[in-house]
Protein chains: 2
Amino acid sequence: MRFMTKIRTERRADALSKERIVEAAIAILDQDGEGALTFRALAARLATGSGAIYWHVADKQDLLAAATDHVIAQVTAQVTTKAVKGATPQEAIRALALGVFDAIDAHPWVGGQLSRDPFQYAVLRILEGVGGQVQALGVPQQAQFNAATALMSFILGLAGQYAAGAEFHARGMDRTTALRAVAAKWAQLDPIEHPFVRQVAAVLPEHDDREQFLAGIDLILAGIESVR
Amino acid sequence: MRFMTKIRTERRADALSKERIVEAAIAILDQDGEGALTFRALAARLATGSGAIYWHVADKQDLLAAATDHVIAQVTAQVTTKAVKGATPQEAIRALALGVFDAIDAHPWVGGQLSRDPFQYAVLRILEGVGGQVQALGVPQQAQFNAATALMSFILGLAGQYAAGAEFHARGMDRTTALRAVAAKWAQLDPIEHPFVRQVAAVLPEHDDREQFLAGIDLILAGIESVR
DNA sequence: AGACTTATGGAACAACGTTCCAGTCTTATT
DNA sequence: AATAAGACTGGAACGTTGTTCCATAAGTCT
């Protein structure tokens, strides 16, 4: 919270710090879901009081943004160092997008947080990665903004949906049975008013989310190339 | 809450009903934002108690979904009746997407709600509209699912971002000055680590959201046509 | 007229984010 | 070594929220 003019010597091994708080928050989020992260639960896990946490963290939104950035930073770092050598821009974009997707798959709360605040640092990281590859793709300068933000919106949109879906089948139910339940409900809709949704319902339970996500990315990439 | 086997005679002119509750909720949401909708505020506006509201509405999520559906139903109804006559599928998709965009622009809370719950009825309405036009576009059956959901994800992604942005400049600040503030922050980022975001920052304050949104739609449409 | 369902409104509950504050520990200065 | 000043801690307390409970009224049916 304050700037430290001198080098900090360690207090104790279990001293509080933003990093330790964020890691504990991630552990709670991963283990028990988005609703389980409260300052009381966090304080209990860190064996302290809620007030102490506020010395290192501005508020809950700050905490969630830091946790999200912690996860996304690993993704962007890993992807950019691995994909730089001899990959086409298209491949790099696919790798980055899939990295984000897998991160959300492993930490569903990240999806919700990403889609909720477009100006947080984690989103900026992804936009930078996507934008750089859009440039490398040879898209003219005026079109780069629209191309990169379109990819971003698609990624964030699916992030939010996936996160909501994960929340939906929180306990016990796995993804397939949860989707089957939704599909069953959709299949009972009025055939005249909702023909397409009924057709989708048939495919929904056994579709591959990763494949669907990648297909969307490829669709946008094809669109970008067609207007290049 | 219960099924009514007989026709309901009216109680009083000011009798509570789900419709009246939803309309009051929309009025609060539009006037004072997402954070202002509480059951206490709602009860005060309807001159009743919070308990009475729960007779007509399951919980807050149900209320928000109903309010969102109220807004989106108007959009889909208006677009489908107007755009049917002599419009290409592409034009119909653009009209539908723009209708959703304008609805979110007029009611920013709709954007947040749409991106938060992908299985609510309002989303289903949009998917049906998009999907029908994707079929009309001549996309082969196996590809329809990916094409329609990609359009949906993009729309919902931008919906969430736009809603978050609207929340961001809640009081006094208009959109341009709010974006200028974000752009100023981005312009101060490290040029080596974030070259693209800095370039975006220059364009950000004076860009047109509607145009950006439409450009994304057209990009995906171009992608769909290129693989047709 | 009574019995039963539908509907109302206000009190009460548990949980949350956040603030406050009385202390304790660490470091720098005398 | 003593002391002052800041950094940090932990737990109590505050105000607000969604939701539940319940006594009671209004309407409907036999």
Side-chain angles (χ1 to χ4, degrees), chain A residues 1-22 24-25 28-29 32-68 109 112-113 116-117 167 170, chain B residues 1-22 24-25 28-29 32-68 109 112-113 116-117 167 170:
Chain A
M1 224 43 214
R2 290 272 159 276
F3 295 95
M4 290 175 289
T5 52
K6 305 264 166 133
I7 292 170
R8 190 111 277 287
T9 65
E10 281 136 61
R11 255 177 178 248
R12 298 197 304 271
D14 67 332
L16 236 43
S17 69
K18 184 153 185 177
E19 199 182 320
R20 247 171 55 82
I21 292 172
V22 166
I28 292 175
L29 287 163
D32 299 319
E34 201 159 357
L37 180 65
T38 69
F39 277 80
R40 282 167 177 80
L42 196 53
R45 177 178 265 262
L46 292 166
T48 179
S50 2
I53 298 174
Y54 276 89
W55 183 262
H56 302 273
V57 159
D59 52 21
K60 193 171 185 181
Q61 201 167 326
D62 179 35
L63 176 60
L64 277 167
T68 304
W109 51 273
Q113 177 60 22
R116 225 179 311 286
D117 180 7
E167 193 81 3
Chain B
M1 222 43 211
R2 290 271 158 279
F3 294 95
M4 290 175 289
T5 52
K6 306 264 167 134
I7 292 171
R8 190 111 277 288
T9 65
E10 280 136 63
R11 259 178 174 246
R12 297 197 305 269
D14 66 332
L16 236 42
S17 68
K18 184 153 185 177
E19 198 182 321
R20 248 173 54 83
I21 292 173
V22 166
I28 292 176
L29 287 163
D32 300 318
E34 201 159 357
L37 179 65
T38 68
F39 277 81
R40 280 167 180 78
L42 196 53
R45 177 178 264 262
L46 292 166
T48 180
S50 1
I53 298 174
Y54 276 89
W55 183 261
H56 303 272
V57 159
D59 52 21
K60 193 170 186 182
Q61 201 166 328
D62 179 34
L63 176 60
L64 278 167
T68 303
W109 51 272
Q113 178 59 23
R116 227 179 307 286
D117 180 7
E167 192 81 2

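Throughout, protein chains are lettered first and strands after them, A, B, ... in sequence-line order, and every chain is numbered starting at 1.
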Note to self: Is A:H56 close enough to D:dT9 that one of its side-chain N or O atoms is under 4.0 Å from OP1 or OP2 there?
What the structure shows: yes

Notebook entry, point to check: Would you call A:R116-B:E34 a salt bridge at under 4.0 Å N-O?
Noted result: no

Next item on the list: Taking all heavy atoms of A:F39 and all of A:D59, pick out the closest pair and write down the distance.
Entry: CZ-C, 4.1 Å

Check: Which value, rounded to the nearest 0.5 Å, describes the distance between A:I53 atom CD1 and A:L42 atom CG?
Finding: 4.0 Å

Margin query: Can you build the contact string for nucleotides 12-20 of chain D? Use B for base contact, S for sugar-phosphate-only contact, and - for no protein heavy atom under 4.0 Å.
Written below: -B---BBBB

Next item on the list: State whether B:W55 places a side-chain N or O below 4.0 Å from either non-bridging phosphate oxygen (OP1 or OP2) of C:dA7.
Entry: yes

Next item on the list: Evaluate the side-chain proximity of B:L63 to B:L37: yes if any heavy-atom separation is below 4.5 Å, no if none is.
Entry: yes

Margin query: In this structure, how many angstroms lie between the P atom of C:dG10 and the CD1 atom of B:I53, rounded?
Written below: 12 Å

Item checked: Spacing of A:D62 atom CG relative to C:dG17 atom C1', expressed in whole Å -> 14 Å

Check: What distance separates B:T38 OG1 from B:D32 CG, expressed to the nearest 0.5 Å?
Finding: 10.5 Å

Note to self: Between C1' on C:dT6 and CG on B:L16, what's the gap in Å once rounded to a whole number?
What the structure shows: 13 Å

Check: Are any of the side-chain heavy atoms of A:K18 and A:D62 separated by less than 4.5 Å?
Finding: yes

Notebook entry, point to check: CZ of A:R20 versus P of D:dC8: gap in Å, rounded?
Noted result: 14 Å

Next item on the list: Name the residue closer to the 5' end of DNA chain C, choosing between A:A36 and B:T48 according to the nucleotide with the nearest heavy atom.
Entry: B:T48

